[in-house]
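Note on naming: letters A, B, ... go to the chains in the order of the sequence lines (proteins, then strands), and numbering restarts at 1 for each one.
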Number of protein chains: 2
Amino acid sequence: MPSMPAASTNPLRSSDMPASQQAHDLRMTLWELLTQHALRPGERLPSERQLMEYLNTTRITLREALSQLEAEGRIYRESRRGWFLSPPRLRYDLLAGLPFHEMVESQRRHATTELLEASETAASTTVARRLGMAEGTPVYRIVRARSIDGRRVLYVEHHLRVDCFPDILAFDLAACSLTELYRREYAIRVSRVSFELGSTVLGHQAAAALYAAPGSPVQRITRINHDQNGRMVDCDDEYWRHDAIELTLSAAPQS
Amino acid sequence: MPSMPAASTNPLRSSDMPASQQAHDLRMTLWELLTQHALRPGERLPSERQLMEYLNTTRITLREALSQLEAEGRIYRESRRGWFLSPPRLRYDLLAGLPFHEMVESQRRHATTELLEASETAASTTVARRLGMAEGTPVYRIVRARSIDGRRVLYVEHHLRVDCFPDILAFDLAACSLTELYRREYAIRVSRVSFELGSTVLGHQAAAALYAAPGSPVQRITRINHDQNGRMVDCDDEYWRHDAIELTLSAAPQS
DNA sequence: CATGCAAACTGAACTAGACCAAAAAACCAT
DNA sequence: ATGGTTTTTTGGTCTAGTTCAGTTTGCATG
């Protein structure tokens with residue numbers, strides 16, 4: 001970053017300012033510094049050591065402020081790679097039933113998908129419960145990482161009933177939407193979805209896939225798909241970088 | 001906490017352990033320490049200085065580990081008051097249309113509500129857009145804090161159309177559900193809801209109401225209620241302590 | 001017995017460094 | 001140019017403290 005102004009005196013330690021506000025102010029000052037320099041979404045921030053100099057503070061304090069901005073969703077980090085300005089959130093309508101690529105493209109962004117794993121395994125307790133089967137029953141396991149404008153934002157683990165989708169692993173699972181495949185190749189329509197949403201932190205595998213630090217906060221979306229006969233045919237666990245999406249949903253309440 | 005074992009040697013600095021794993025292990029060790037001593041939900045953890053002694057580490061490192069457990073939702077903190085073990089999450093079915101108190105009681109927990117503000121103000125840009133009115137139009141503003149088992153978990157700001165609910169401020173807004181009031185006193189049924197979900201951090205007012213540190217991560221739920229004629233009658237912004245809820249939802253997708 | 005005040009405790013925030021490993025950049029040889 | 005190697009930069013993690021202000025608590029007073 002060129003011509004960042006050097007802080008001659010520390011603007012954060014003026015004596016007429018209550019200490020309890022300094023963290024807040026450092027965050028604000030940092031944010032102003034970033035917006036002033038008109039970083040574009042996805043662009044890298046100056047290194048922590050540089051920022052620390054500019055703002056005349058220490059690394060730990062600086063990192064606290066950065067973490068704040070991260071929690072707000074204004075910036076994000078890639079593990080050992082630095083801090084970046086967050087692009088605008090993708091609006092994700094839970095009930096629209098749009099495949100990922102179409103949803104992203106409809107918002108004039110670019111979507112890509114990578115297949116990380118495609119195998120047949122035994123259903124874990126959790127998966128078995130969700131799909132209404134006995135623990136250990138064979139299931140297809142499909143793990144993918146999805147990007148928007150080149151940024152990894154989503155890590156998904158799918159688990160499908162083998163009896164519903166025989167030999168589905170033979171298809172190109174990176175290019176095509178699963179629900180699309182279900183309909184076209186297996187005549188299975190998703191006619192009901194159940195969601196479970198919560199925020200947690202990334203495990204090791206998911207963190208690696210998203211180039212994120214293990215322990216980064218994420219939005220978890222667990223989804224169970226039912227076919228036209230009400231049978232549970234597959235479930236998936238989606239882990240979204242929390243700053244990458246804004247969930248929407250519109251429906252009639254049951255009562 | 002009685003009889004916490006003193007750490008004679010540091011279990012976290014054994015030489016055969018890669019440094020990149022120590023953070024993870026400290027978190028695990030800390031968590032084991034807590035579960036071993038069978039803290040009950042809502043119970044206070046030992047002070048940071050004590051834990052730092054037990055685990056033979058420094059305040060900063062310890063706080064990093066505590067923050068991790070906080071992000072996972074296992075523990076939470078109240079500002080300047082200490083760390084506490086998180087109670088189980090409340091299951092919140094977005095489309096069930098259950099009033100807060102009923103939802104909580106149905107899960108065998110105890111709910112309370114405090115009224116923080118009830119006034120008539122001018123609609124902000126955001127509120128006006130949501131309710132389909134001009135900026136500056138008068139609206140009722142109702143701010144409440146809601147607790148489960150004595151713990152403040154939810155801060156809500158409601159904005160209602162004045163023309164839909166004349167003189168609603170005269171009712172006891174802490175005791176009664178708003179949707180209940182709508183139906184009983186104004187013959188307005190909520191027949192459609194739109195949600196917007198995202199994670200952010202607490203502002204000052206919300207943080208104070210939840211006894212949380214400003215900047216704590218929260219789950220935001222914005223809700224717009226439509227009446228039987230499709231008219232938008234009110235909206236609210238809910239800020240939930242992120243470890244306090246698990247959102248669920250089941251519906252037919254639109255496609 | 002309740003009330004109010006002062007002391008002790010505790011979390012919040014900060015200082016000033018250090019070391020390591022992964023990533024990025026520079027460099028060199030083919 | 002190109003591919004591989006070395007150097008530098010940088011984030012991740014840690015040590016060892018300090019200061020300050022809000023909470024809690026216990027003691028003394030009315």
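Straight-line distance from the CZ atom of F84(A) to the C1' atom of dA24(C): 12 Å, rounded to whole Å. Between the CG atom of L55(B) and the P atom of dC14(D) there is a distance of 12 Å, rounded to whole Å. Separating the CG atom of L62(B) from the P atom of dA13(C) is a distance of 16 Å, rounded to the nearest angstrom. Atom-to-atom, CD1 of I60(A) to C1' of dT15(D) comes out at 9 Å; the value is rounded to the nearest Å. In this structure, M52(B) atom CE and dC9(C) atom P are separated by 15 Å, rounded to whole Å. For Y211(B) and dT23(D), the OH to C1' distance is 13 Å, given to the nearest whole Å. Distance CD (E64(B)) to P (dG11(C)): 17 Å, rounded to an integer number of Å.
For the OP1/OP2 pair of dC14(C) and a distance below 4.0 Å, the side-chain nitrogens and oxygens of T57(A) include no atom meeting the criterion.
Figure legend: R151(B) and Y76(B) shown as a cation-pi pair, the cationic atom lying under 6.0 angstrom from the six-membered ring centre and within 45 degrees of its axis.
Under the rule for a side-chain contact (heavy atoms from CB on, under 4.5 Å), the partners of A206(A) that lie at least two apart in sequence or sit in another chain are Y155(A), L202(A). Residues satisfying the side chain to side chain donor-acceptor pair (under 3.5 Å) criterion with T61(A), sequence neighbours excluded, are T58(A). E102(A) is linked by a side-chain contact (heavy atoms from CB on, under 4.5 Å) to L98(A), P99(A), counting only residues two or more places apart in sequence or in another chain. Partners of T222(B) according to the side chain to side chain donor-acceptor pair (under 3.5 Å) rule, which considers only residues two or more places apart in sequence or in another chain, are R220(B), D237(B).
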For nucleotides 10-12 of chain D, give me every protein contact, N/O to N/O, under 3.5 Å, one pair per line with atom names.
unit_1, atom_1, unit_2, atom_2, d
dG11(D), OP1, E48(A), N, 3.4
dG11(D), OP2, E48(A), N, 2.9
dG11(D), O3', R80(A), N, 3.4
dG11(D), N7, R49(A), NH2, 2.4
dG11(D), N7, R59(A), NH2, 3.2
dG11(D), O6, R49(A), NH2, 2.8
dG11(D), N2, R80(A), NH1, 3.1
dG11(D), N2, R80(A), NH2, 3.4
dG11(D), N3, R80(A), NH1, 3.3
dG12(D), OP2, R63(A), NH1, 2.8
dG12(D), OP2, R63(A), NH2, 3.4
dG12(D), OP2, R77(A), NH1, 3.4
dG12(D), N7, R59(A), NH2, 2.9
dG12(D), O6, R59(A), NH1, 3.4

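Pairs engaging residues 107-121 of chain B under the side chain to side chain donor-acceptor pair (under 3.5 Å) rule: R109(B)-D149(B), T113(B)-R146(B), E114(B)-R152(B), E117(B)-S119(B), E117(B)-R141(B) [sequence neighbours left out].
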